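For ligands, and for the atoms within them, numbers begin at 1 and follow the listed sequence. Every value quoted in this text rests on a predicted model; they were computed, and no experiment measured them.
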Amino acid sequence: MIMIDQTRLPREVAYVTCRTYTEVADAIRTMVIRGAPAIGVAAAMGVALGVLHSADPFDRICDTLARTRPTAVNLFWAIDRMKKLFESLRGKPIEEIQSRLVAEAIQIRLQDIAINEAIGRHGAELVPDGKTILTHCNAGALATAGYGTALGVIRAAVAAGKKVDVFADETRPFLQGSRLTVWELQQDSIPTTLITDNMAGHFLKSGRIGCVIVGADRIAANGDVANKIGTYSVAVLAKENGVPFFVAAPISTLDLTLATGEQIPIEERAAAEVTHVFGAAIAPDGTTVANPAFDVTPNRYISAIVTERGVARAPFLESLSRLSS
Ligand code: MRU
């Protein structure tokens, strides 16, 4: 499996080849590949690589991949899909099992691109013409198999002829906004302005921002949304200033087994991501650090959730269950 190394962007466009499922697991854990749908696609390919090239038990392959990152439900969704197929093939010749699992992983990748394009079509209609769109983190082609969720909506709005520009939050501490979103939108010549996270309130108050669009890592049955740390603050500021706040995500990001966002597990990452920037210390040695990678935005701050099957609005318990069934 070949993937762009997202830890090296934008300084360098380098590719990593994973030949084993443990290499795929390491790539997910270290965020060489990141973003909920991309993690799901990588995990599916990891399962296929495991069955092709290792003698390890199937369950160990799946567990290793599942233990990489806890919040994005797409990871578990993709592994479950591979597990179900594997179980349905019990007793078949190994060559058939291998080729069917490889084909399934390829299918998951291709479907993800088509899903993002459909999200883009639904979302583009919500985007106000002639205004600035604020986004947080990277929910683009890099975070998916291609096109993107939040950035897919922006791409589709531009393709539909809307005159928009983008403000990208830099997204401390991992800098997905400045390193990845700005780089990605530059490739498409979509006008983009980088701001630091603490500037978002200032611009939301200014009247310049027409809407906020972000991705999601897990959406509970009531419409609470887990996404990159800082999303919650942006959502509160958007509501305070009367700016619509949209979430763009595939149906595979819904976790209807969880009643509310309170139950979503939040990944805690290494302190060094906060105390260091590209290896340089920006805090004294021994600094105590908190580094939750995600936060949960309560549904009352969310104007709409855009999926490949259409747009869900409050009450989300009903609209999301209708879309998912
Ligand atoms: O820690 P990351 O970079 O994997 O977090 C990514 C996000 O929070 C994205 O907004 C989310 O996964 C949606 S990507 C289409």
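- Each of Leu134, Val214, Ile213, Val236 was compared with Phe245 under the side chain to side chain contact (heavy atoms under 4.5 Å, CB included) criterion, and only Val214 meets it.
- Ring planes of Phe86 and Phe58: parallel class, angle under 30° (limits at 30 and 60°).
- Of all atoms in ligand 1, numbered sequentially from 1 with element shown, those under 4.0 Å from a heavy atom of Ala139 are 14 (S), 15 (C).
- Annotation for ligand 1: atoms under 4.0 Å from non-hydrogen atoms of Asn227 are 7 (C), 8 (O), 9 (C), 10 (O), 11 (C).
- The option with the heavy atom closest to atom 12 (O) of ligand 1, from among Ala249, Ala36, Gly152, Pro37, is Ala36.
- For ligand 1 and Ala143, the ligand atoms under 4.0 Å from any heavy atom of the residue are 14 (S), 15 (C).
- Closest to atom 8 (O) of ligand 1, if we only count protein heavy atoms, is Asp217 OD1, 2.8 Å.
- Annotation: atom 6 (C) of ligand 1 to nearest protein heavy atom, Arg34 NH2, 3.4 Å.
- By the 6.0 Å contact criterion, CD on Glu262 is open, its count of non-hydrogen atoms from other residues, nucleotides or ligands being 12 or less.
- Salt-bridge formation is detected for the pair Asp255/Arg218: a Lys NZ or Arg NE/NH1/NH2 atom is positioned less than 4.0 Å from an Asp or Glu carboxylate oxygen.
- Contacts with ligand 1 closer than 4.0 Å are made by side-chain heavy atoms of Gln176 only, the backbone lying farther away.
- Under 4.0 Å from ligand 1, the heavy atoms of Phe294 that appear belong solely to its side chain.
- At under 3.5 Å, not a single nitrogen or oxygen of Cys137, backbone or side chain, sits near a nitrogen or oxygen of ligand 1.
- Judged by the 6.0 Å and 45° rule, Arg179 forms a cation-pi pair with Phe174.
- Only side-chain heavy atoms of Met31 come within less than 4.0 Å of ligand 1; its backbone N, CA, C and O stay farther off.
- Regarding atom 5 (O) of ligand 1, its nearest protein heavy-atom neighbour is Lys228 CE, 3.3 Å.
- Within ligand 1, the atoms closer than 4.0 Å to a non-hydrogen atom of Arg69 are 1 (O), 2 (P), 4 (O), numbered from 1 in the order shown.
- Of the N or O atoms in Thr149, none lie within a sub-3.5 Å distance of an N or O in ligand 1.
- Among the atoms of Gly35, some N or O lies under 3.5 angstrom from an N or O of ligand 1.
- Salt bridge Glu104/Lys84: absent, no basic N to carboxylate O contact under 4.0 Å.
- Residues Pro37 and Ser252 fail the side-chain proximity criterion, which asks for heavy atoms closer than 4.5 Å.
- Geometrically, Arg11 engages Phe278 in a cation-pi contact, judged by NZ or CZ lying under 6.0 Å from the ring centre and within 45° of the ring axis.
- Under 4.0 Å is where a charged nitrogen must lie from a carboxylate oxygen, and between Arg109 and Asp112 no such pair does.
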